[in-house]
Amino acid sequence: MITGLMFRDGIISASNNINSNREKVDSLNIFPVPDGDTGTNMSMTISAAAKEVENMPDDSPISDVAKKCASALLRGARGNSGVILSLIFRGFSKAFKGMDSADSKAIAAAFRAGSDAAYKAVMKPTEGTILTVVRRAAEAAEEIADIENDPLEVCNAALEAAKAALAETPEMLPVLKKAGVVDAGGQGLVLIFEGIKSVFAKNIILQMQESKEVQVAEAVTESVEDIKYAYCSEFLIEKEADSKEKDPEKLRAYLELVGDCVVVVDDNDIIKVHVHSNCPGTVIQTALKYGQLINIKIDNMRKQHQAVEAKKEAQKPKQAAPENDYGFVAVCAGDGLTQLFTDLGADVVVSGGQTMNPSTDDILNAVLATPAKTVFVLPNNKNIIMAAQQAVTMANDRKIIVLETKTIPQGISAMLGFDESVSPDENVEAMMDMASATQTGMVTFAARDSEVNGQPIRQGQIMGLVNGSIDAVGEDKEQIAFESTAKMFDPDVNSLITIIYGDGVTESDAQKVEAMLTEKYDMAAEISIIDGGQPIYYYIVSVE
């Protein structure tokens, strides 16, 4: 039987495993736009669950562990991959409801419920993705459960089927085959299943890689009391011929006795040391036996954590009573865009966008801070829509309507289409009509070498996207902005063009794009320039 203890430790192991490999998963994103965050989103999502369950008692029934895990995953879900992962484990939670432990049939039912929940959440499921991987795992689990009364055999069959499905994803999606990679979300899910299996089969919780552990250990602690060792000490030891001690392994052994997160890297001339302890003075005195110390850095992690928590609490939106009829939550990044949405009527602006997907909980907190009975949420990014939709049923005292705006210009147009005198349903229709009629151009850099429509793209080149498709590639961002904008409008039709410039661009740069447009075309168009301050995208251009 699979117990609550095994499931709890399996989640922790899974979180560690994907955290160790998140960069590998991120690198599988084949589209050259800098959005390779599947591994990061999935690792952050399941890390939220690992934090929630790690302190549950060893005798907790599997139903309680699965329920707490599913709740934390839902609230911590980031990006489409994180949301799908949360739905898979929500299915597990439903299958384990009321159980102390799970047998073969229950495990198979959990995989099936997880697969079904994931498929139902996607309007147009695409095979060759994480969906295929979890479905194949469910099918294999059911097949073995019918003939074997061994939960571990069921889990093994599910994992092997998931791996086989992952290997086949390039055959299902030509774009993966062309890039020579497997699906990123599917790879992330396999890593999670492997982490769980390590506990189920060998009772071993996979550990994070040493370099990752230092970073995550300081970031995920829940409270000051959870910090066992208060002081983070880092320094270099310059080796000396007459030093009392010579063996760095002896130093490592000592540090592991007095602390954790120990890193001792021995080079020819220096020893790099990192340790968390409660006795930094003793650590320093011991290290001095090996040579002179340089670049000494000692931080009080409890004080750091208190400062971080205080800052987070200060920044967290405060819940407001739903007094007004309507309110708005918008997602964007950049001071200028934040101010623009605020000026248009947004009550709360959530910081996020490309490579910075807010969680479901971030969006829910923003909704609860909006003093309105009906709150419109504008994700303004296709990878944030699913996370926003998960918040719809989580606020009992107000209605949440997610407008499926996929770009910043669509979000701006949607807000301009709002009419307080009509019903919510009428507003949804009118606002989405405005959003759909808005064309979006974006100028960014290629995050990786790739090939799109037969055209090779080198890492670092400037790319122009027109309504989501790469349409221009070059070396000059103003030229690419001009070319992208020119493809979105008809010079013979009155148009409104808004040029939003971001990091790495000045107003005079944006004016060059305006001058190129007006010089090339004798057109009836009104051109506006806005300092959006957004990261990632040099230009965001709206054509209406």
Side-chain angles (χ1 to χ4, degrees), residues 12 15-16 19-20 22-23 40 43-56 72 75-76 78 205 207-240 243-245 248-267 270-318 351 356 358-359 361-362 365:
I12 296 169
S15 175
N16 290 343
N19 264 292
S20 295
R22 63 182 181 272
E23 292 174 1
T40 299
S43 65
M44 291 180 74
T45 299
I46 199 165
S47 289
K51 285 195 294 180
E52 280 293 313
V53 303
E54 65 181 355
N55 293 319
M56 293 186 74
R75 290 181 172 274
R78 295 173 185 270
I205 297 176
Q207 298 301 308
M208 278 183 276
Q209 294 175 5
E210 206 166 54
S211 60
K212 306 284 183 184
E213 188 175 11
V214 173
Q215 177 183 348
V216 177
E218 296 172 358
V220 302
T221 308
E222 289 187 33
S223 65
V224 171
E225 290 72 23
D226 290 329
I227 299 177
K228 183 178 179 181
Y229 297 106
Y231 297 97
C232 173
S233 303
E234 291 183 276
F235 50 84
L236 298 177
I237 305 173
E238 288 187 335
K239 294 181 180 179
E240 296 178 338
S243 59
K244 295 179 181 179
E245 298 286 356
E249 289 305 312
K250 187 176 178 181
L251 176 60
R252 183 197 301 274
Y254 168 75
L255 295 177
E256 287 178 345
L257 283 175
V258 301
D260 65 5
C261 296
V262 175
V263 177
V264 176
V265 180
D266 182 23
D267 200 356
I270 62 169
I271 303 171
K272 179 176 175 57
V273 176
H274 173 283
V275 62
H276 294 174
S277 74
N278 288 323
C279 49
T282 305
V283 168
I284 295 297
Q285 288 297 322
T286 303
L288 282 169
K289 297 176 183 178
Y290 291 79
Q292 295 190 60
L293 307 190
I294 59 173
N295 297 350
I296 301 173
K297 180 173 175 285
I298 300 175
D299 293 316
N300 186 323
M301 295 188 295
R302 291 196 178 108
K303 290 294 184 182
Q304 285 182 327
H305 184 75
Q306 288 173 336
V308 169
E309 290 301 307
K311 183 177 179 181
K312 284 167 60 178
E313 189 61 31
Q315 292 175 340
K316 186 177 179 180
K318 304 302 179 185
S351 179
M356 300 174 292
S359 68
D361 209 32
D362 292 333
N365 287 333

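Computed from a predicted structure; not experimentally measured.
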ask   = For the side chain of Y290 and the backbone of L251, is there at least one donor-acceptor N/O pair under 3.5 Å apart?
value = yes
ask   = Heavy-atom distance under 4.5 Å between the side chains of S243 and Q292, does that happen here?
value = no
inquiry  = Would you compute the distance between atom CZ of R75 and atom CD of E52 and round it to the nearest 0.5 angstrom?
reply    = 9.5 Å
task = Find the distance between CE (M208) and CG (N16) and round it off to the nearest 0.5 Å.
result = 4.5 Å
remark   = Between the CD1 atom in I12 and the CD1 atom in I46, the distance rounded to the nearest 0.5 Å is 10.5 Å
ask   = Which pair of heavy atoms, one from R252 and one from V262, lies closest together, and at what distance?
value = CG-CG1, 4.1 Å
key: pair D362-R78: side-chain heavy atoms closer than 4.5 Å   = yes
inquiry  = Using side chain to side chain contact (heavy atoms under 4.5 Å, CB included), reason through D299 and Y231 one step at a time and then give a plain yes or no.
reply    = CA-CA 6 Å; D299 293 316; Y231 297 97; over 6 Å; no
inquiry  = Would you say that N278 contacts Y229 through its side chain, given a criterion of any heavy-atom pair below 4.5 Å between the two side chains?
reply    = yes
inquiry  = With heavy-atom distances below 4.5 Å as the criterion, would you say the side chains of V258 and T286 are in contact?
reply    = no
Beyond-backbone contact of T282 with Y254, side-chain heavy atoms, under 4.5 angstrom = yes
key: D361 (side chain) donor-acceptor with G76 (main chain) under 3.5 angstrom   = no
query = For V283 and S277, which heavy atoms make the closest approach, and how far apart are they?
reply = CG2-OG, 3.7 Å
query = At their closest point, which heavy atom of S47 faces which heavy atom of N19, and how far apart are they?
reply = OG-ND2, 2.9 Å
task = To the nearest 0.5 angstrom, please state how far the CG atom of L293 sits from the CD atom of Q285.
result = 9.0 Å
message = When you measure from the side chain of E240 to the backbone of E238, do you find a donor-acceptor pair of N or O atoms at a distance under 3.5 Å?
response = no
remark   = Distance col, row I294:CD1 vs I270:CD1, nearest 0.5 angstrom, shows 6.5 Å
query = Roughly how far, to the nearest 0.5 Å, is SG of C232 from CZ of R302?
reply = 13.0 Å
inquiry  = Counting neighbours of CZ on F235 that are heavy atoms of other residues, nucleotides or ligands and sit closer than 6.0 Å, is the number greater than 12?
reply    = yes
request  = List the steps, then state whether side chain to side chain contact (heavy atoms under 4.5 Å, CB included) holds for I271 with K239.
outcome  = CA-CA 7 Å; I271 303 171; K239 294 181 180 179; 3.7 Å; yes
Shortest non-hydrogen contact from S43 toward R22 = OG-CD, 3.5 Å
